[in-house]
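As the structure is a computational prediction, the values presented were derived from the model and not from experiment.
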Amino acid sequence: EQKNSKLSFGASALTAPHASACFPDFINQFPEIQFIHTELWDPTLINMVKDGTLDIALVGLPRNDSDRAGLHIFPILEEYVCVVMSKTHPLHDRKNVTLQELANEKILVTSSESGLTRLMKSEFALRGLNPNFMLNLISIEARLSMVIKGAITFVMNRQFEWYNQKDLAVIPIEPKIHRTLALIAAANREISVVEKTFIQIIKDGVAKRLETT
């Protein structure tokens with residue numbers, strides 16, 4: 001069954017570093033599997049899993065999201081959205097901030113195709129707010145260099161702990177906006193033994209990497 005078989009996996013530019021740290025464990029265990037890795041944004045990855053283009057993906061799923069239909073979901077952890085700002089920003093010492101308070105800020109986002117960007121745009125729109133979304137900087141490092149100069153950006157609380165926060169404030173949005181970081185596969189097909197092993201390796205590895213200290 002495993003001879004000449006393939007496994008295709010996708011993650012976003014923001015979650016791929018956490019997953020890729022686990023790849024060697026899988027490749028060493030199944031050297032005969034052709035392993036294909038794709039980096040795209042979460043909404044695209046979800047569609048590719050559903051239509052069979054992709055076997056498995058690591059994505060952030062908003063709660064009560066219609067995107068969950070038609071999927072096997074293997075949750076890793078719950079996250080919530082935080083805002084990152086310089087410690088010189090007037091709001092930097094707050095325990096939390098509201099979207100109303102952020103509506104007049106310069107907000108840096110990654111891409112209009114990003115699941116997190118889409119989620120936050122919809123959350124602002126639900127409140128009748130039209131914030132100033134600027135640029136499309138995928139690199140977290142590039143965004144943080146502008147945050148130091150006064151802009152703000154959104155991150156998921158667990159994933160951001162990997163970056164140096166010395167000059168930055170990381171503040172939860174109130175009310176909290178949650179997502180589930182999860183592996184997904186199409187619900188209309190059987191998951192192979194190899195895929196089950198891969199899912200377990202990624203689940204365990206990403207959970208350990210992102211666990212709070």
Side-chain angles (χ1 to χ4, degrees), residues 1-62 65 67-79 109-119 136-144 153-163 179-211:
E1 181 204 349
Q2 296 171 15
K3 283 286 183 189
N4 303 318
S5 56
K6 300 178 182 178
L7 192 154
S8 57
F9 170 73
S12 75
L14 304 181
T15 57
H18 304 303
S20 60
C22 312
F23 292 167
D25 290 341
F26 173 75
I27 293 167
N28 289 339
Q29 195 168 337
F30 296 98
E32 71 280 8
I33 300 293
Q34 184 182 354
F35 180 62
I36 303 161
H37 174 50
T38 302
E39 277 190 24
L40 292 164
W41 295 112
D42 288 356
T44 304
L45 294 171
I46 291 167
N47 289 333
M48 289 175 72
V49 166
K50 286 182 176 180
D51 69 18
T53 312
L54 205 57
D55 296 323
I56 299 164
L58 175 65
V59 298
L61 292 170
D65 193 341
D67 280 340
R68 292 176 180 240
L71 294 174
H72 286 301
I73 298 173
F74 306 89
I76 298 174
L77 53 85
E78 291 294 319
E79 296 187 299
V109 294
T110 50
S111 164
S112 57
E113 300 302 310
S114 157
L116 179 55
T117 298
R118 289 187 182 186
L119 172 64
N136 282 333
L137 288 174
I138 293 174
S139 161
I140 187 76
E141 289 85 355
R143 280 186 286 149
L144 295 185
T153 194
F154 297 121
V155 295
M156 304 311 299
N157 67 308
R158 293 283 189 90
Q159 295 179 44
F160 188 69
E161 290 174 5
W162 277 81
Y163 296 93
R179 288 201 317 180
T180 304
L181 185 65
L183 290 156
I184 58 169
N188 61 1
R189 68 174 184 82
E190 189 175 345
I191 298 171
S192 71
V193 172
V194 170
E195 289 169 338
K196 286 177 181 175
T197 304
F198 176 78
I199 287 167
Q200 199 60 53
I201 288 170
I202 300 297
K203 264 190 75 171
D204 292 346
V206 172
K208 185 174 181 181
R209 188 174 160 96
L210 296 179
E211 69 188 0

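Among residues two or more places apart in sequence or in another chain, the ring-ring contact (aromatic ring centres under 6.0 Å, His included) test is passed with Phe26 by Phe30, Phe35, Phe198. In this structure Thr53 satisfies the side-chain contact (heavy atoms from CB on, under 4.5 Å) test together with Met48, Asp51, sequence neighbours excluded. When the side-chain contact (heavy atoms from CB on, under 4.5 Å) test is applied to Gln29, the partners found at least two apart in sequence or on another chain are Thr197, Ile201. The salt bridge (Lys or Arg N to Asp or Glu O under 4.0 Å) test applied to Arg179 returns Asp42, not counting sequence neighbours. Applying the side-chain contact (heavy atoms from CB on, under 4.5 Å) rule to Ala21 yields the partners Arg209; only residues at least two apart in sequence or on another chain are considered. With sequence neighbours left out, the salt bridge (Lys or Arg N to Asp or Glu O under 4.0 Å) criterion links Arg68 to no other residue. Scored by the side-chain hydrogen bond (donor to acceptor under 3.5 Å, both in side chains) test, Asp204 finds Gln200 as partners (sequence neighbours excluded). Under the rule for a salt bridge (Lys or Arg N to Asp or Glu O under 4.0 Å), Glu39 has no partner lying at least two apart in sequence or in another chain. Considering only residues two or more places apart in sequence or on other chains, Ser8 meets the side-chain contact (heavy atoms from CB on, under 4.5 Å) condition with Ile36, Leu54, Asp55.
Across all non-hydrogen atoms, the minimal contact from Ala19 to Leu58 is CB-CD2, 3.9 Å. Nearest heavy atoms, Gly115 versus Pro43: N-CD, 3.6 Å. Scanning all heavy atoms of the two residues, the minimum distance from Ser112 to Arg118 falls at O-NE, 3.3 Å. Contact detail for Ile199 and Ile56: the closest heavy-atom pair is CG1-CD1, 3.8 Å. Scanning both residues, Ala182 and Pro75, for their nearest heavy atoms gives CB-CA, 3.8 Å.
With a 4.5 Å cut-off on side-chain heavy atoms, Ile33 and Val194 count as touching. In this structure, Arg158 and Leu77 have side chains that are in contact, with non-hydrogen atoms separated by less than 4.5 Å. Side-chain contact between Thr117 and Phe154 is absent, with no heavy atoms from C-beta onward closer than 4.5 Å. For the pair Ser5 and Gln34, the minimum side-chain heavy-atom distance is 4.5 Å or more. You'll find the side chain of Phe9 stays beyond 4.5 Å of the side chain of Val49, heavy atoms only. Side chains of Val59 and Thr180 form no contact here, defined as non-hydrogen atoms less than 4.5 Å apart. By the 4.5 Å heavy-atom criterion applied to side chains, Arg143 and Thr110 are counted as neighbours. The closest side-chain heavy-atom distance from His72 to Ile184 is not below 4.5 Å.
In this structure, the side chain of Lys50 does not engage the main chain of Ala187 through any donor-acceptor pair within 3.5 Å. With Thr44 contributing its side chain and Leu40 its backbone, the two residues share no donor-acceptor pair below 3.5 Å.
Residues in residues 192-202 take part in these salt bridge (charged side-chain N to carboxylate O under 4.0 Å, His left out) pairs, two or more places apart or across chains: Arg189-Glu195. Every pair passing salt bridge (charged side-chain N to carboxylate O under 4.0 Å, His left out) that includes a residue from residues 69-78 is listed here, sequence neighbours excluded: Arg63-Glu78.
Expressed to the nearest 0.5 Å, how far CG of Leu183 lies from CD1 of Ile73 amounts to 11.0 Å. Between atom CD of residue Glu79 and atom CG of residue Leu181 there is a gap of 5.0 Å, rounded to the nearest 0.5 Å.
In the model, Ser12 has a side-chain atom that pairs as donor or acceptor with a side-chain atom of Thr15 under 3.5 Å.
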